[in-house]
Amino acid sequence: MNRPHANRVVGRVLDAAKSVFHGYPCRQGTLLQYRRTPISRARMGERVKIVGRLRASAPQFKAPLTGATCVWYRTVAQTWDGFLYSPRRIVEHESQDVYVDDDTGSALVRMQAAEVSLEEMRTGWCYEPPAPWDDHRNAATENVQRFLAAHGFELRYFPRSILERMLSEAPKTRGARYREVVLRVGDRVAVLGEAVRQPDPSAPADGFRRSVLQLVLGEETAPPIVSNEPGVWT
């Protein structure tokens, strides 16, 4: 087995292990196997890793729980049924294609099918009502109610068990838990994907009336991987 291929196998094994441990599809190991390529040097058909800051391609939107203005979000919630959290996860996701800018140029990233692997996905759940150990990431109760209702669920509160109350006095009830992760304009990300050059509809033709080409990742091949996890920048 040649070394590049062996490294990719190691990356996939690392991803699988971290996905199980952290509970989300981690792609850090795969990204670590590639060196950063400046956008201006990306070649057609190559699988490249670019690093830069996000820029919107369309009007931004707000995440449903935190109200964060963003270009991508994923919200997951589970309701408490009186005994345990329902295994049925309520998931909402919205995205737009984004630009990634570095010191050498810009690239358009197709986000509809992108595999997004963010360090924030490793954080714990937030709770409704808030637990005393929660930080300030909590959403307003009315936002949680609105989100659940939009998906056909009701926010209902149940008393915690006697054992739980012995371990922690507050909160006295359980209703739901949730996790919301977003990407904002200006966030730094690494993106891995196959490089394609396409006409840039927003750029005027050059002096010879030829279309100006832009770099696009995630157009027709395997979906791009987008991450901000430790070590993916180099």
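Every value quoted in this text rests on a predicted model; they were computed, and no experiment measured them.
The minimum heavy-atom distance between E180 and A63, with the atom names listed, is OE1-CB, 3.3 Å. Residues L118 and V182 approach most closely at CD1-O, 4.1 Å, considering heavy atoms. Looking at every heavy atom in both residues, R197 comes nearest to I39 through NH2-O, 3.5 Å. Residues L192 and T30 share a closest heavy-atom pair of CD2-CG2, 3.7 Å. Of all heavy-atom pairs between S57 and Y99, the closest is CB-CE1, 3.7 Å. When all heavy atoms of S95 and W72 are compared, the pair lying nearest together is CB-CD1, 3.4 Å.
We find that D101 and R55 are joined by a salt bridge, their nearest charged nitrogen and carboxylate oxygen being less than 4.0 Å apart.
At least one side-chain heavy atom of Q145 sits under 4.5 Å from a side-chain heavy atom of L155. Side-chain contact check for P129 versus T173: some heavy-atom pair is nearer than 4.5 Å. No side-chain heavy atom of V48 sits under 4.5 Å from any side-chain heavy atom of Y34. You'll find the side chain of W125 reaches within 4.5 Å of the side chain of V76, heavy atoms only. Inter-residue side-chain proximity for P230 and E119 is flagged as met; some heavy-atom pair is nearer than 4.5 Å. Counting only heavy atoms from C-beta outward, the side chains of E94 and F61 approach each other to under 4.5 Å. Side-chain atoms of L54 and L183, non-hydrogen and from C-beta on, do get closer than 4.5 Å to each other. V189 has its side chain out of reach of V232: every pair of non-hydrogen atoms, C-beta onward, lies at least 4.5 Å apart.
Hydrophobic clustering (side-chain heavy atoms under 4.5 Å, transitive across Ile, Leu, Val, Met, Phe, Trp, Tyr) groups Y178 together with F147. Under a hydrophobic-cluster definition in which Ile, Leu, Val, Met, Phe, Trp and Tyr are linked whenever side-chain heavy atoms come within less than 4.5 Å, directly or via other members, V191 and M44 are assigned to different clusters.
The environment of R110 atom CZ is dense: over 12 non-hydrogen atoms of other residues, nucleotides or ligands sit within 6.0 angstrom. Residue-environment remark: CD (E142) exceeds the threshold of 12 foreign heavy atoms within 6.0 Å.
Applying the salt bridge (Lys or Arg N to Asp or Glu O under 4.0 Å) rule to pairs touching residues 221-234 yields R122-E229, sequence neighbours excluded. Listed by first and then second residue, the side-chain hydrogen bond (donor to acceptor under 3.5 Å, both in side chains) pairs that reach into residues 182-191 come to none, sequence neighbours excluded.
Under the 3.5 Å distance criterion, the side-chain polar atoms of T104 are matched with a main-chain donor or acceptor of S40. Checked by atom type and distance alone, the side chain of R179 pairs as donor or acceptor with a backbone atom of T123 at under 3.5 Å. Within the 3.5 Å criterion, the main-chain N or O of T234 finds a donor-acceptor partner in the side chain of K49.
Atom CG in L32 sits 13.0 Å away from atom CZ in R27 (nearest 0.5 Å). Put simply, CG on L217 and CZ on R47 are 9.0 Å apart, with the number rounded to the nearest 0.5 Å. The line from CG of L84 to OG1 of T79 is 10.0 Å long, rounded to the nearest 0.5 Å. Atom CD of Q60 and atom OH of Y73 lie 13.5 Å apart (nearest 0.5 Å). Atom CD of residue Q96 and atom CE of residue M111 lie 9.0 Å apart, to the nearest 0.5 angstrom. The distance from the NE2 atom of H151 to the CZ atom of R89 is 15.0 Å, given to the nearest 0.5 Å.
In the model, E92 has no side-chain atom that pairs as donor or acceptor with a side-chain atom of T75 under 3.5 Å. Q214 and S106 share no side-chain donor-acceptor pair at under 3.5 Å. N228 and E120 are linked by a side-chain donor-acceptor pair at a separation below 3.5 angstrom, with hydrogens and angles left out of the test.
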Run the side chain to side chain contact (heavy atoms under 4.5 Å, CB included) test on L31 and I225 for me, step by step, so that the C-alpha distance in whole Å, both residues' side-chain angles and the decisive distance to 0.1 Å come before the verdict. CA-CA 8 Å; L31 281 158; I225 298 173; 3.9 Å; yes
Any chance you could lay out the side chain to side chain donor-acceptor pair (under 3.5 Å) test for Q28 and S117, step after step, and finish with the verdict? CA-CA 7 Å; Q28 181 185 21; S117 177; over 6 Å; no
For a side chain to side chain contact (heavy atoms under 4.5 Å, CB included) check, start with the C-alpha distance between E128 and R177, then their side-chain angles and the critical distance, and finish with the verdict. CA-CA 6 Å; E128 173 56 43; R177 67 180 184 180; over 6 Å; no
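Y127 and Y85 have tilted rings, their planes meeting at an angle from 30° to 60° on a 0 to 90° scale.
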